[in-house]
Amino acid sequence: MHVRLNAAWPFHHLPVPVFQTDGNGRIEHVNRHWLRLLGKDADEVLGRPLSSFMTAAAARRHELVLHELVLRDTCGELCGIDSEFAIGDGGILSVSLSYSVERDETGAVARILGTVIDQTNRRAEAQRLKTIVDSVPQLMWRATGDGNCTWTNPQWFELTGQRLEASLGQGWMNVVNPDDRPNGERHWRTALRDGVIDFESRLHRQADGAYIWHRVRGTALRNADGQIVEWIGTAVDIHEFKDMQQLQNVLLGELQHRTRNLLAVVQAISGKTLRRSATLQEFATKFDSRLSALSRIQGLLARTNNDTLDLKQLVELELDSHIDPNRGKVEITGPAVGIGAASGRTLILALHELTTNAIKHGALGRPEGRLAIGWNVVTDQGGARQLSFEWRESGVAMPPDATDDTCFGFGREILEQTLPYDLNGSTQFQFGADGVCCNIQIPLPFVEAQHG
Amino acid sequence: MVDGNPKTLESRRILVVEDDHTIATNLAYSLQKLGATVVGPANSVASAMLLINGGETLDAAVLDVHLGSEKVFPVAEALLTRGIPFVFTTGYSASSIPTAFADQDLCEKPIDTRALSRMLSARLAN
């Protein structure tokens, strides 16, 4: 049987899907747009309940709607009711239904007219948006114009353990660190005036009870009159960023301090060298040489990443910068010992003086001279570890004026005063029969001094 | 260089607390050139306290803030109690000094001897 649609039905030509049922919800008329949307023929639908084409859940909702409409005294209308039609092979069509009821003179429901709007695209779009909102790492929130929370996304719950209902109104404040609440409230007060909000606050993380720094930002939505009607915003985890920022400040401060301190040492060495120099030429040579030793330790420090220097590396660095390491005049023996940065600077200055003096007056300045450098870590009865370092030159007939202060003055000051003062150590410096011998004792571990 | 400067610290006894020997002795030399007698230098809080409590007459002090792993503030506290003026020196920023000492002078490293001498003289004149 092929049933033709009634072209005389007043709504037949409306360019939207339209239907008409009797008072019991049975279809009396539909137009061709309606048939096309549902993919049906007229003979499949006329005389059958509208709800029979819906999914089970939508059908139940439809019955409730009808019930509601019928109970109302006058002509009733309900618009924008979400519904779903079952189409094709298990397909579902999402629609928005609007109903209008006409009553007869006795007040009974004579017919129900309605329109169907295809919501497939809109629902899919809404689903995509929901997926985005649910999957972004940011916490998101919405609030009323006066700043009362109306919604938080699942990420809010995941972090704070606070359910949506608990976060509403001012409830979200309960997971803000109490110390940060006054600041948050202050920002909200100005935000309600300015229409933007941006502040940092710590939120309670349920997993471990820690407070995690977040940057809270929001934008106001305004109505035509310019009044703020809603807020939409985010809260972004900036904890690691804050940590890095803090670390950077510490490092910058440390760099500044080390630079200033190094300049202070250079200033002091310049003064000391000047006071011991007879001529400007002597000053220039000695100051340049000492500055080079400081540069070497600075370079070595730049190549290490934990501020610890290897003693052997340090000794070789200084000697190799003055003499050919392959000449076999120097023997270096000792276990691996880590030296702190500030201690290393004092040590290299001491080694520098010993080396330059040995070249000028001692074992490194003559073919028959030999130098033995050795060290050990010894533990005393109290369990305290100590570095025992020896510099022993041999094959040197000491000149009669070797003990003259002008030759060894600055070097002996470094060895006998600076080393004990800076490193809490002790030094024995001797002119032996065949060369200089210097013993240095320094407690370990080196207190990694923060010279300030 | 301080040579030629008036002996602005003539006969003043000044405690030097500084853990770097090279800097400490150079500072001591500069102070001596200004006529001062240097007490110390001390490289730790303990050694500075020994000098303060050991009956040394002190007119003023120069205090390096960071002494190895410790800070000089107990020494500053002791000097405040005794009414002995002092000047901090540091390679760190002024923010490394507690607000309790906000009224004290700070001489950044490397030390400008003339600035330090002016600060000490002003404190001694009060």
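These values consider heavy atoms only, across backbone and side chains, with no hydrogens, waters or symmetry-generated copies. This is a predicted model, so every value here is computed, not measured. Numbered from 1 within each chain, the chains take letters A, B, ... in sequence-line order.
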Ring pair (Phe, Tyr, Trp, His ring centres under 6.0 Å) against Phe283(A), all qualifying residues, sequence neighbours excluded: Phe287(A)
Over 12 foreign heavy atoms within 6.0 Å of CZ, Arg260(A): yes
Neighbour count >12 (heavy atoms, 6.0 Å) for atom CD, Gln281(A): no
Within-4.5 Å side-chain heavy-atom neighbours: Arg275(A) and Asn26(B): yes
Side chain to side chain, Asn261(A) and Ile23(B), heavy atoms closer than 4.5 Å: yes
Full working for side-chain contact (heavy atoms from CB on, under 4.5 Å) between Lys109(B) and Leu263(A): CA-CA 8 Å; Lys109(B) 286 183 174 179; Leu263(A) 284 173; over 6 Å; no
Test item: Tyr421(A) side-chain N/O and Ala42(B) main-chain N/O as donor-acceptor pair under 3.5 Å: yes
Donor-acceptor under 3.5 Å (Asp422(A) side chain, His21(B) main chain): yes
Gap between atom CD of Gln267(A) and atom OG1 of Thr22(B) - 0.5 Å precision: 12.0 Å
Plane angle bin for Tyr92(B) and His257(A) - parallel if under 30°, tilted between 30 and 60°, otherwise perpendicular: parallel
Exercise: do Thr25(B) and Lys272(A) side chains pair donor with acceptor under 3.5 Å: yes
